[in-house]
Number of protein chains: 2
Amino acid sequence: MEYEQLKLDNQLCFRLYTAARLTMGAYHPYLDLLGITYPQYLVLLVLWEQDKQPVNDIAHKLFLETNTVTPLLQRMEKAGLVKRTKGKEDTRQRIVSLTKKGIEMREQAKHIPDCLSDEIIQITGEEEEFVRMIPSLDKLIEGLKHTTHNK
Amino acid sequence: MEYEQLKLDNQLCFRLYTAARLTMGAYHPYLDLLGITYPQYLVLLVLWEQDKQPVNDIAHKLFLETNTVTPLLQRMEKAGLVKRTKGKEDTRQRIVSLTKKGIEMREQAKHIPDCLSDEIIQITGEEEEFVRMIPSLDKLIEGLKHTTHNK
DNA sequence: CAAATTTATATCGTTCACGATGCAAAAGTA
DNA sequence: TACTTTTGCATCGTGAACGATATAAATTTG
């Protein structure tokens with residue numbers, strides 16, 4: 001049993017990695033209709049809650065690096081979802097704001113979370129159990145932020 | 001409250017996505033010492049449990065597509081961790097086997113899971129709570145496999 | 001057995017994710 | 001005020017992830 005810990009079956013991270021990918025897969029049909037990807041959907045969630053934010057704020061809320069978010073925003077700008085303007089007080093900043101198209105997409109996206117819940121319930125007969133993981137996941141995320149590499 | 005469901009705070013998938021990325025980040029310092037990435041580590045876990053498997057079996061165990069795993073294996077072959085030989089009964093198959101270097105790495109990787117557990121415990125004062133998520137994650141993953149897009 | 005279909009893997013193009021690095025503007029310091 | 005450091009964002013290179021497509025070998029069918 002010397003290598004027992006190295007079995008895939010014993011690994012939490014592998015579950016998170018897999019569950020995250022498959023969940024994003026489940027979003028795919030809905031996001032395809034809107035012509036956006038899951039990370040782009042996340043950016044929209046952030047902007048729908050509060051429009052006109054600098055790149056840094058968006059990256060921080062998504063726990064991503066700015067060098068991931070910048071090209072993401074460039075693609076979204078090319079797709080006509082957002083526009084990026086120079087900051088006024090701090091000209092280093094790029095303020096990201098929603099276009100008309102980006103604002104209107106909220107209405108079409110409104111039902112996605114419920115669609116997904118329904119699908120999960122229909123397939124697994126469960127929902128409560130998964131929602132109950134949220135506080136644990138938040139605690140884990142909060143802890144992982146203070147890991148050597150994630151600081 | 002019309003858009004309440006579209007808040008980042010209410011999204012399970014966002015937690016999974018973030019937790020998975022940050023957990024992989026926590027593995028980073030350990031895997032760097034071995035010169036491998038997290039997905040490469042997963043492939044090694046699979047091969048350490050059973051050497052000499054076709055690409056398809058590896059992909060299936062990791063819930064990945066073969067067009068993700070093939071380039072991954074090519075990089076691992078270039079790094080001298082595995083070799084890929086033509087299958088004998090079925091010549092379409094590529095049998096992936098560990099090299100000496102790949103076999104020996106198991107010894108160096110042996111303590112990684114415990115190192116990570118210790119780190120999590122030290123930071124969050126918790127471990128049980130996260131381990132308790134595993135059955136729920138497995139149930140979720142099993143369900144998600146039967147989603148339209150993940151079939 | 002020959003033709004059609006399926007299967008195993010590979011290749012290509014696009015989008016993330018992120019380390020390393022660069023650059024200009026802002027902030028701090030002498 | 002001149003100089004140094006920090007900050008905000010961008011660019012580049014590498015490694016995933018995956019859809020679409022290609023190709024050859026196996027399997028099924030007629």
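The structure presented is a predicted model; accordingly, all values stated were derived computationally and were not measured. Only this structure's heavy atoms are used, side chains among them; waters, hydrogens and symmetry mates stay out.
Within residues 12-19 of chain B, no residue approaches DNA chain D, by heavy-atom distance under 4.0 Å. Non-hydrogen atoms lying under 4.0 Å from DNA chain D are contributed by L72(B), R75(B), E89(B), D90(B), T91(B), R92(B), all within residues 72-99 of chain B. Residues of residues 58-71 of chain A that place a heavy atom closer than 4.0 Å to DNA chain C, in numerical order, are L64(A), N67(A), T68(A).
Hydrophobic clustering (side-chain heavy atoms under 4.5 Å, transitive across Ile, Leu, Val, Met, Phe, Trp, Tyr) keeps I103(A) apart from I95(A). Taken together through direct or relayed side-chain contacts under 4.5 Å among Ile, Leu, Val, Met, Phe, Trp and Tyr, I121(B) and L137(A) form parts of separate hydrophobic clusters. Linking Ile, Leu, Val, Met, Phe, Trp and Tyr residues whenever their side-chain heavy atoms come within less than 4.5 Å leaves L81(A) and L33(A) in two separate clusters.
Ion pairing between a basic and an acidic side chain is recognised when a charged N comes within 4.0 Å of a carboxylate O; K7(B) and D9(B) show no such pairing. Checked for salt-bridge contact, E104(A) and K101(A) miss the test: no charged N lies under 4.0 Å from a carboxylate O. Between E2(A) and K110(B) there is a salt bridge, since at least one side-chain N of the basic residue sits less than 4.0 Å from a carboxylate O of the acidic one. With salt bridges taken as basic N to acidic carboxylate O contacts below 4.0 Å, one links K139(B) and E129(A).
With rounding to the nearest 0.5 angstrom, the CD1 atom of I112(A) is 12.0 Å from the OG atom of S117(A). Separating the CG atom in L116(B) from the CD atom in Q5(A) is a distance of 11.5 Å, to the nearest 0.5 Å. Distance check: R132(B) CZ to F130(B) CZ gives 10.0 Å after rounding to the nearest 0.5 Å. Distance NZ/K145(A) to CD1/I123(B): 12.0 Å, rounded to 0.5 Å.
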Got a list of side-chain donor-acceptor pairs under 3.5 Å for residues 40-50 of chain B, not counting sequence neighbours?
{"from": "Q40(B)", "atom 1": "OE1", "to": "T37(B)", "atom 2": "N", "distance (Å)": "3.4"}
{"from": "W48(B)", "atom 1": "NE1", "to": "G102(B)", "atom 2": "O", "distance (Å)": "2.9"}
{"from": "E49(B)", "atom 1": "OE2", "to": "L8(A)", "atom 2": "N", "distance (Å)": "3.1"}

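With 3.5 Å as the limit, one finds a donor-acceptor pair spanning the side chains of Q53(A) and K61(A).
Heavy-atom nearest nucleotides on DNA chain D were determined for D57(A) and for R21(A), and the one closer to the 5' end corresponds to D57(A).
For the pair R21(A) and F63(B), the cation-pi criterion (under 6.0 Å, within 45° of the ring axis) is not fulfilled.
Comparing the local axis fitted to the first five base pairs of the helix from dC1(C)-dG30(D) to dA30(C)-dT1(D) with the one fitted to its last five gives a bend of 10°, rounded to 10°.
Rounded to whole Å, atom P of dC18(D) lies 8 Å from atom NE2 of H149(B). Between the P atom of dG15(D) and the CG atom of L31(B) lies a distance of 15 Å, rounded to the nearest Å.
Within the 4.0 angstrom heavy-atom criterion, no nucleotide atom of any strand lies near H28(A).
Heavy atoms from other residues, nucleotides or ligands lying under 6.0 Å from CD of E128(B) number 12 at most.
The outermost nucleotides of DNA chain C lying under 4.0 Å from heavy atoms of chain B, listed 5' to 3', are dT7(C) to dC18(C).
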